[in-house]
Protein chains: 2
Amino acid sequence: MQAGDVTKYEYFITKGCLKVYTLDEDGAPHISMFAIEDYWTGDMASFITKEPTRYFIKATEDSELLGISRANYELLFQEIPKFERFYRNLYQRSLISYIRRSNQGLSLTAEERYIEYKKKYPNIVNRITQKDLAGYIGITPEFMSKIITKVNRR
Amino acid sequence: MQAGDVTKYEYFITKGCLKVYTLDEDGAPHISMFAIEDYWTGDMASFITKEPTRYFIKATEDSELLGISRANYELLFQEIPKFERFYRNLYQRSLISYIRRSNQGLSLTAEERYIEYKKKYPNIVNRITQKDLAGYIGITPEFMSKIITKVNRR
DNA sequence: GAAAAAAAATGAACTAGTTTAAGACTTTTA
DNA sequence: TAAAAGTCTTAAACTAGTTCATTTTTTTTC
């Protein structure tokens, strides 16, 4: 996926790892999420509103995804209303985790955010570069390096 | 609502304004959201999982709310399955705005966050104190004061 | 398996945001 | 309507995080 596209699919990952990110005016990447097996990814805002996305998606490993088109997504609910419930619960859980992420981003220091993320998602931390983790935590790779050195020294 | 409680209701606001916040170990408030007329508020995580909340909710104006209990929330979907769709859409929209908030919190400077928030929610900014806005933007009231002075000087 | 490319580490100089403290202004309460 | 409490402003000293430049280490490619 490329910024400027109108998102045509939401993706379910069956294998691999992807990063979803924006580039700021200086070209620096800001990573919104890492998606691994059993995660959904895409840009929901663009998928729903049909406005062009500001996100890029890139695989960080060889990956396999299943995509659902907007037409099929809408059809799904028409044909099998039980899926409303499935997606209600999916969105509810995602919402809870994004509320936490937005609060932590604004109230914790970078070091605290790193420690929390590593505790919560050790399996993801082990699969990505330190540089990408910095882009997710919201700091520079240099500062990420310093934090890791400091935390490991303990 | 008080940290430590298990949330019994999700609230719909018919009148007024409330702030949802946590207190950190130093007792400093971090505001998660302001909720005004037609917003839903509460702590969804606690409402769903029945674990005690870490949030406080306080009205910043005389307010009127409607609360739905967990039992009635579940009953609603059983009795009127169309509400699954309503809540799916509600959560989807909330999710889109929390994804944006979490990304902005990690990629924009405090000044940029202030300008964005004021542009997007001018009606809320006018109803709350500068101190509470600082708690929402993720900075100290002192720095909020400097930013406002600086932005207005232009 | 050598060369090239990318990632990670280190350090010095810098900037965004915090802390502490004090005074001015505004709102609430008795 | 005076006093008290809370909010806002300002400023100086500080700290978390950035920037830029260089070196080392790891990964990729041919």
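Proteins come first, then strands; the chains are lettered A, B, ... in the order of their sequence lines, and each starts at number 1.
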More 5' along DNA chain C: A:Asp132 or B:Leu108, using each one's nearest nucleotide?
A:Asp132
Candidates [options] - which lies nearest the side chain of [X]:
X        : options               : answer
B:Lys146 : D:dT9, D:dA12, C:dA9  : D:dA12
B:Thr129 : D:dT7, D:dG17, C:dG17 : D:dT7
B:Phe143 : C:dT18, D:dT7, D:dT18 : C:dT18
B:Ser145 : C:dG17, D:dC8, D:dT19 : D:dC8
B:Glu142 : D:dG17, D:dT10, C:dA7 : D:dT10

Do B:His30 and B:Asp24 meet the criterion of a side-chain donor-acceptor pair at a distance under 3.5 Å?
yes
Looking only at the side chains, is there a donor atom on one of A:Thr7 and A:Ser46 sitting less than 3.5 Å from an acceptor on the other?
yes
Of all of residues 114-124 of chain B, which get a heavy atom below 4.0 angstrom from DNA chain C, listed by number?
none
Are A:Ser97 and A:Leu95 side-chain neighbours, meaning at least one heavy-atom pair lies under 4.5 Å?
no
Find the distance [X]:[atom1] to [N]:[atom2] and express it as a whole number of Å.
X        : N      : atom1 : atom2 : value
B:Met144 : D:dC8  : CE    : C1'   : 12 Å
A:Lys131 : D:dT27 : NZ    : C1'   : 14 Å
A:Lys58  : C:dA6  : NZ    : P     : 11 Å
A:Glu61  : D:dT28 : CD    : P     : 11 Å
B:Ile148 : D:dT7  : CD1   : P     : 14 Å
A:Glu111 : D:dG17 : CD    : P     : 8 Å
B:Ile137 : C:dT18 : CD1   : P     : 12 Å
A:Ile139 : D:dG17 : CD1   : P     : 8 Å

With a 4.0 Å limit, can you tell me whether A:Gln130 has a side-chain N or O closer than that to the phosphate oxygens OP1/OP2 of D:dT26?
no
Please determine whether a side-chain nitrogen or oxygen atom of A:Thr140 lies at a distance below 4.0 Å from atom OP1 or OP2 of D:dT18.
yes
What pairs with A:Glu84 under salt bridge (Lys or Arg N to Asp or Glu O under 4.0 Å), at least two apart in sequence or on another chain?
B:Arg85, B:Arg88
So among B:Lys119, B:Lys118, B:Arg113, which one has a salt bridge (charged side-chain N to carboxylate O under 4.0 Å, His left out) with B:Glu116?
B:Lys119
For A:Asn103 and B:Tyr21, run side chain to side chain donor-acceptor pair (under 3.5 Å): C-alpha distance rounded to whole Å, both residues' side-chain angles, the deciding distance at 0.1 Å, then the answer.
CA-CA 9 Å; A:Asn103 292 160; B:Tyr21 61 99; over 6 Å; no
Can a cation-pi geometry be assigned to A:Arg70 and A:Phe47, taking NZ or CZ under 6.0 Å from the six-membered ring centre and within 45° of the ring axis?
yes
